[in-house]
**Student:** 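Dumping the structure here so I can ask a few things about it.
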Amino acid sequence: MKILVPVKRVVDYNVKVRVKADGTGVDLANVKMSMNPFDEIAIEEAVRLREAGIAKEVIAVSCGVAACQETLRTAMAIGADRSILVESDVDLQPLAVAKLIKAVAAKEQPQIVIFGKQAIDDDANQTGQMFAALMGWPQATFASKVVVSGDTASVTREIDGGAETLEFKLPMVITTDLRLNEPRYATLPNIMKAKKKQLDVLKPADLGVDVTPRLTTLKVSEPPKRGAGIKVADVKDLVAKLKNEAKVI
Amino acid sequence: MAELLNDRDLKFLLYEFLDTAGLSSRARYGEQSRDVFDAVLDTACAIAQEHFAAHNAEGDANEPEFDGTVVHMIAQTKTAWDAFAQAGFLAAHWDIEEGGLQLPEVVLRAAMAFFCSANAATTGYPFLTIGAANLLRAFGTPQQKKLYLAPMGDGRYAGTMALTEPGQGSALGDIKTYAVAQEDDGSGSGSYRIFGQKMFISGGDQNLTENIVHMVLARVKGDPQGVKGISLFIVPKRLPNPDGSPGERNDVALAGLLHKMGWRNTTSTVLSFGEKQGAVGYLLGKRGSGLGHMFQMMNEARIGVGLFGACIAYRAYLLSLEYARERAQGRLPSCKDPLSPQVKLIQHADIRRLLLAQKSIAEGALALCLFASSLVEDQHSHPDSACRTQAGHLLEFLTPIVKSWCGKQGCLSNDMAIQVLGGSGYTRDYPLEQLYRDQRLNPIHEGAEGIHGLDLLGRKVVMLDGACYRAFRASIAATLAEAAPYAALQPLQAVLERSVAKLDEITAGLIELQKNDPDRGLANATIYLDAAGRIVASWIWLKQAVIASACLVKNPGSDEAFYAGKIQAARYYIEWELPGASVSFDLLAQNNAIPLDMRDEWF
């Protein structure tokens, strides 16, 4: 069984991003970039399934600029067997990425595709779901536990009320939540080994996908500053304020 | 929480200021390239953030305790050690045949920079272990390597350097620890029994590893007094069984822990060797050459201490920069409207001065340390033998400056970081006060500042008939020539050129004076060291400014803010800080002897 894992290159989670003065986006000049943390969890889960003898091969795939090759090397240093870059300088939106992954999946025929539930730059939380819809596959989003046996998988999902466990028939889509696993580091020996692993580069045109953006960003601004708190007299007062002023209940 | 280092700056230093990517053209590094180096740095950064930075404050607040039997430390220390070891950093730079990956020295040190910034105290353990293992690699017999090297590479054993004694620190020639040769037990291992006390031994005991390998200086009984009688010994905490597993306890006892101002999560120990029958030790290298052997590790450790100084200052600089960009306070002198919004701290000229001074020290120190590491690299792996020699000479000259300038200026830099935060910087709610305390060790360990002054003026400027000094002068001259085409750098070039000419004159005078009157000739060695440090730092900044200027000419508009910042910091350092050398030069030129002539009874 093959597992496909899409990975995204994003601003490192330790970087404090700043909105550009002209409001067109956040300033990415000279900031550290690294693999989306949810995608690291996805790679780790796939590698564990291979180590457990359930999967035969783990393929990492990234869509974006040439520098995404670094992210793919990291994925291979964590344990992916080989990787594919769909190289494009266009600002790739979730639907375009979902279509590109669909085209890659058509070539590779994976039984499971594991996405991070969302990328920490845009927090869109869409690509996995869009891909599942395009493929007509079942989707187990926000997974915190995955058990694969034969052609079914039992996945525990994080939901508002806690967790639920559902059975899925392969092929399927999984999107990872934080508790699924703790990804290993790319150790130095594995970084050296990853250099020798196969990395193929394709263009969207090779896959016949139109990646033209469908959405336009009007303006990016800092979140509003939090105002000062107030003291309430009692619970009754609190409930009244939540209801009438904050309008949250 | 701010980043540990500015990633863009680190990449600038490695790939623009230094030609680290070009190392792959050397046979030893043929398999490697920039993407491997970057991935190594990413792993270092991730582990440093998650496992070192996360417990820096907790390790400071809960220092190790000794219950009379074992040392207790916060549990995160062990997790951090294991993560560091399992990622492969302890043996990364070793040869493939030794079980290493042949990672270049300069990349290893750049990776260490993340750990130094994240948590100096916990990084002390791997730092010392890497140094001790290097001694074994250089001087160990095959049998010694077999027993100790592999476990030090995978993190089962840690290492220490045991030089200082309760009675002897800077003056190692007078150490009292002694060794008695044992009758050959037939194993051919030539064991000794060691007796004596060692003090301030960092990592001398801990609960991280199953064994500790102490590198101990001692005099074989009957060998001559002074440095020529000192030998180096391997003294394990537990004697390894023939299969390499740690066996019974050696006669090495923890007499107590010392309670430090900073670096609290690094145990600082008093160790007793031979309270009973004598601690079993094995001669490492040549008998009587112990101090020379140890100096290999000490020179490396001195660059390492410079790196701690650089990184502790760097971390505080980034934290104070982040604070200054977020905290709104007051209005500019030109604004009289009390209803106008307050400006951010960074809008105030004096705050920008504090930040720019820190930038010039922190980034300058990191550049200097990585430059020195690249010389260590060139000394060993440069394909051209003349370049190898030249790198070695330059490194000899720079080592006392790398160690001293980074630590001493680092203290000033950390002081300014606190000042940016004002009252908040003085509280324990912010990490600045801890960084200030941690930094204070760096002008002390691995040779106090005064020792390095003597080393520079008493040894380095005259050694090899002045070849080390000439190597330094040739390197500065090359940079001055490179700066010439850039109009904006010409004033800096002129100032530095005049200062270097003055240094030549002062140096020649002091060499002459030393011949007739060493006490007077070396009396002001520390301020000579300070002045030389300012010149070296100015040179390192001019080198960076040359590269930044070239990049701006080549790709106008690209990365402009970053390169403009480099040029501005170079201007700041050379125009504001280099002139401090003139004060020292005036005192040195007149052989001013006021401190020397001051008498004990006048105090």
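Sequence lines set the chain letters: A, B, ... in the order given, protein chains first and strands last, and positions in each chain run from 1. Just so we're clear, the structure is a prediction, and the values are computed from it rather than from any experiment.
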**Student:** Please give me the minimum heavy-atom distance between B:Q86 and A:T187, naming the atom from each residue.
**Tutor:**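 Heavy atoms of B:Q86 and A:T187 come nearest at O-CG2, 3.6 Å.
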**Student:** As a quick check of understanding, evaluate side-chain contact (heavy atoms from CB on, under 4.5 Å) for B:D42 and A:K32, giving each step before the final call.
**Tutor:** CA-CA 10 Å; B:D42 282 347; A:K32 182 174 163 56; 2.7 Å; yes
**Student:** Heavy-atom pairs under 4.5 Å with chain A - which of B:G88, B:A83, B:S33 has more of them than the others?
**Tutor:**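 Counting heavy-atom pairs under 4.5 Å, the top option is B:S33.
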**Student:** Please indicate whether A:K20 has more than 12 foreign heavy atoms, meaning atoms of other residues, nucleotides or ligands, lying under 6.0 Å from its NZ.
**Tutor:**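 Correct, the count exceeds 12.
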**Student:** Do A:Q69 and B:D35 pass the side-chain contact (heavy atoms from CB on, under 4.5 Å) test, and can you show the C-alpha distance, the side-chain angles, and the key distance before you say yes or no?
**Tutor:** CA-CA 9 Å; A:Q69 292 198 19; B:D35 51 352; over 6 Å; no
**Student:** Within a 6.0 Å radius of atom NZ on A:K195, are there more than 12 heavy atoms belonging to other residues, nucleotides or ligands?
**Tutor:**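 Check passes, neighbour count above 12.
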**Student:** Among side-chain atoms of A:Y185 and B:E50, is any donor-acceptor pair under 3.5 angstrom?
**Tutor:**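 Side-chain D/A pair, A:Y185 to B:E50: present.
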**Student:** Please classify the contact of B:E326 with chain A as side chain, backbone, both or neither, using a heavy-atom distance under 4.5 Å.
**Tutor:**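 The answer is the side chain of B:E326.
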**Student:** Which heavy-atom pair separates B:A87 from A:P189 by the least distance, and what is that distance?
**Tutor:**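 Result for this residue pair: O-CD, 3.7 Å.
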**Student:** Please name the pair of heavy atoms, one in B:T43 and one in A:A186, separated by the smallest distance, quoted to 0.1 Å.
**Tutor:**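 Reported closest heavy-atom pair: OG1-O, 2.7 Å.
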**Student:** Less than 4.5 Å to any heavy atom of chain B: does that hold for the side chain of A:R18, its backbone, both, or neither?
**Tutor:**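 Answer is side chain: those atoms of A:R18 sit under 4.5 Å from chain B.
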**Student:** Under 4.5 Å from any heavy atom of chain A, what part of B:F89 do you find: side chain, backbone, both or neither?
**Tutor:**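 Both backbone and side chain.
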**Student:** How many angstroms lie between atom CG of A:D12 and atom CD of B:E3, to the nearest 0.5 angstrom?
**Tutor:**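 Between atom CG of A:D12 and atom CD of B:E3 there are 7.0 Å.
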**Student:** In Å and rounded to the nearest 0.5 Å, what is the CG to CG distance from B:D7 to A:N30?
**Tutor:**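 Output value for this atom pair is 9.0 Å.
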**Student:** State, with a plain yes or no, whether a side-chain heavy atom of A:M192 is found less than 4.5 Å away from one of B:L103.
**Tutor:**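 In contact.
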**Student:** Would you check if B:E31 and A:K196 make a side-chain contact, meaning some heavy-atom pair closer than 4.5 Å?
**Tutor:**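 Yes, close enough: below the 4.5 Å cut-off.
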